[in-house]
Amino acid sequence: MSASGTNRTVKFRRATAIMLWLGLILAACTPSGPAGAEPRYRELKRVLLLHSFGREFRPWSEYARSIKAELERQSPWPLDIQEHTLLTSRFNNPGPEAPFVEYLSSLYQGAPPDIVVSIGAPAARFVQQYRAKLFPDTPTVVTVVEQRLVNPVDLTDRDVVVAVRNDFVAAFNNILQLLPDTRTVAVVIGASPLEKFWIEEVKRELKPLEGRIDLVWYSDLSFDDILKRASVLPQHTVLFWGLMSVDAAGIVHEGDIALQSLHAVANVPIFSYQEPFFGGSTVGGPMHSVSETTSKTVDAVTKILGGEKPVDITYAPIGFARPKYDWRELRRWDISEGNLPPGSAILFREPTLWERYRWQVLLLASVILVQSGLIGGLLHERRRRQCAEVESRQRLAELAHVNRYAAAGELTASIAHELNQPLGSILTNTETAELMLKGASPNLEEIGEILADIRRDDQRASEVIRRLRSVLRKTPFEVRDIELNATVRDAIGLVVALANGRRIALTFMPVLLDLHVKGDPVQLQQVILNLVINAMDAISDAEMVKREVSVSTVRAGAHAEIRVADTGPGIAASDLAKVFDPFFTTKPQGIGIGLAIARTIIEAHDGTISAANRSSGGALFTIRLPIMRR
Ligand code: ADP
């Protein structure tokens, strides 16, 4: 070592000593927690964690992270975990380790750590090699190391080994069980001394599978070349991810970027036996479990720190854990779940639509169910209403028919009169014609005129009968396009004689334009007849001096109106609201259903009917019907 090198070492040692003193002073000044806390448990424990390649090298990084976190969680003492990395193992031709040894010995001289934990095989080898020089009395836990890489000769009674056991036959049998057609396994492995060691070991261990599968080794390729090969692999080939710490080109691969890149391009599935590589890139199978190694390591460290003798703490090498598979990879490579060994776990299963949206689906289903129920109920209700409507119309038609017969009864006298007149004329004219024919020179021209009169009178009588028939017809409620003035005129024609008989002036004043409405003419005529007969009854019953019934039609906006006014005594104010009630009558022989039927008929036509008293005296009934849009 040069003079300046020695100076640097001295300065470094001095600085370290000062820092340690400062640390001690600070520790002394710090309040020692709540009174009564066990002082033994407050003692700071210093743990030296030695990494093999670097803090971020998989798989060791995952073990180290887990061990550190568990130690911090479980330790009853405050811990000072100091981490160092054995950089030399990164190089394919390891350089001198002396400076690193020197550095550590300076750092811990006089104040060795309470325990040394080595992670991975290179760190294990380093600790075994240099422990006598660096920490002769410090207990050591050698962990995350394959049993073959621990040299039992170098172990002391201050060492505890937490070893794992690689079972490549099991790992490769897993491939064959999942994909029985596999012919070739391309092994991705780096070129560091550790990786080279494993190539030989795998070859040796897999001898029994010779002839069954061909092994292709990528240890001589740069990672870029490996990626190129992996994207065009032939059928029945799989990739086996061994280790990729340092590739043949000397490039170091930290984290899981390398594996991810391989996964992105590979045209075949990738297998591995390390849990830290599982979850996103590899298919899975029997693997070393991080948690099992972690729990044994933490157990050993806490026991040693608690005063147990390392020599009394032993663990059998840890084999592969229960096989685990990545559901996404199984699907991607079309690997049947039936091929998996019994008891294996399948992870990362994507939830089905039902599992993901269970509540939403349930909610939606119940909403649909309730909605369908409501729709069903409404449809049923609508159907019932339609049936009820049909039935009520039928009843109405029947009732109206009965009512028409009642009205016809009242019309008998007037009809008889209407018929008598033409029949009387016919008789007289026939007798006259007979007499004329018996004469010596009958006037044929006159006889012709008489016959024409007979024909006219006959037609008049037929018309009366036609009208009566039409109003007495028993028809179902049938709506059609009608001209309201004509309908009203027809109805009035039936009661003219009755009015004459009662000495009442019945007038009809239609509006001078056609009023097209949708309606049943027989039923509307019945309503008009009812109103006119009621009006005439009112005049006759009260023996009025002024005896007029005037019927008129008017167009009021989108409605047609029929007004029936009379000069009778009008309706008592207290009865105005009741006249349309069924069986309301003030007449000694009245039934009181005429106006009730009239209102039902008009409402079935989407119209209204109202009663009022005229200021000049007498009653006024108004019917409003919607005019048909053409
Ligand atoms: P009814 O003619 O058998 O009494 P309606 O239902 O046709 O049955 O008439 C009910 C009642 O309305 C009549 O009894 C009468 O009191 C009253 N009424 C109807 N039209 C008139 C009118 N033009 N003037 C006065 N009262 C009337």
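One-based numbering along the sequence shown. If you're wondering where the values come from, they're calculated on a predicted model, not measured in any experiment.
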Glu201 bridged to Arg148 by N-O distance under 4.0 Å: yes
Among Val117, Ile67, Leu49, side-chain contact (heavy atoms from CB on, under 4.5 Å) partner for Ile81: Leu49
Val142 side chain reached by Val162 side chain, heavy atoms, under 4.5 Å: no
Parallel, tilted or perpendicular: rings of Phe126 and Phe100 (30°, 60°): tilted
Residues that Asp225 engages under side-chain contact (heavy atoms from CB on, under 4.5 Å), provided they are two or more places apart: Leu221, Ser222, Lys228
Validation row: Gln128, Asn151 side chains within 4.5 angstrom (heavy atoms): yes
Residue pair Thr297, Thr143: steps toward the side chain to side chain donor-acceptor pair (under 3.5 Å) verdict: CA-CA 7 Å; Thr297 309; Thr143 185; 2.8 Å; yes
With sequence neighbours excluded, residues passing side-chain contact (heavy atoms from CB on, under 4.5 Å) with Arg73: Glu70
Side chain to side chain donor-acceptor pair (under 3.5 Å) between Thr237 and Arg183, worked out: CA-CA 6 Å; Thr237 303; Arg183 292 279 158 274; over 6 Å; no
4.5 Å side-chain heavy-atom contact, Val283 and Asp326: no
Chi angles and distances behind the salt bridge (Lys or Arg N to Asp or Glu O under 4.0 Å) call for Lys324, Glu275: CA-CA 9 Å; Lys324 281 201 287 197; Glu275 195 185 23; 2.4 Å; yes
Nearest non-hydrogen partners of Leu79 and Leu71, listed with the distance: CD1-O, 3.7 Å
Centroid-centroid distance, Phe168 to Trp198, less than 6.0 Å: yes
Tyr273 and Phe320 aromatic ring geometry - parallel, tilted or perpendicular at 30°/60° bounds: tilted
Nearest non-hydrogen partners of Arg165 and Pro317, listed with the distance: CB-CB, 4.2 Å
Minimum-distance pair of heavy atoms, taken over all atoms of Ala248 and Ser219: CB-O, 3.5 Å
Verdict with reasoning, Thr293 to Val164, per side-chain contact (heavy atoms from CB on, under 4.5 Å): CA-CA 8 Å; Thr293 306; Val164 296; 3.9 Å; yes
Ile226 and Leu262, any side-chain heavy atoms less than 4.5 Å apart: yes
Arg58/Asp256 salt bridge by N-O under 4.0 Å criterion: yes
From CA spacing to verdict: side chain to side chain donor-acceptor pair (under 3.5 Å), Glu56, His51: CA-CA 9 Å; Glu56 295 305 327; His51 297 274; over 6 Å; no
Candidate pair Asp80 and Gln82, rule side chain to side chain donor-acceptor pair (under 3.5 Å), full reasoning: CA-CA 6 Å; Asp80 174 9; Gln82 301 172 357; 2.9 Å; yes
Matching residue for Val127 among Leu50, Thr138, Asp154, Val141 - test: side-chain contact (heavy atoms from CB on, under 4.5 Å): Leu50
Arg212 to Pro180 - nearest heavy-atom pair and separation: NH2-O, 3.2 Å
Side chain Asn267, main chain Leu233, donor-acceptor under 3.5 Å: yes
Heavy-atom side-chain proximity of Tyr325 to Leu178 below 4.5 angstrom: yes
Within 6.0 angstrom of Trp359 CH2, more than 12 heavy atoms from elsewhere: no
Side-chain heavy atoms of Leu149 within contact of Phe197, under 4.5 Å: yes
Mutual orientation of the aromatic rings belonging to Phe278 and Phe348 [parallel < 30°, tilted 30-60°, perpendicular > 60°]: tilted
Ring centre gap for Phe240 and Phe172 strictly below 6.0 Å: yes
Beyond-backbone contact of Leu86 with Ser52, side-chain heavy atoms, under 4.5 angstrom: no
CA sep, side-chain torsions, deciding dist, call: Lys203, Glu210, salt bridge (Lys or Arg N to Asp or Glu O under 4.0 Å): CA-CA 10 Å; Lys203 278 183 184 166; Glu210 245 173 36; over 6 Å; no
Ring geometry between Phe277 and Trp241 (parallel below 30°, tilted from 30 to 60°, perpendicular above 60°): perpendicular
Phe271 side chain near Leu179 side chain, heavy-atom distance below 4.5 Å: yes
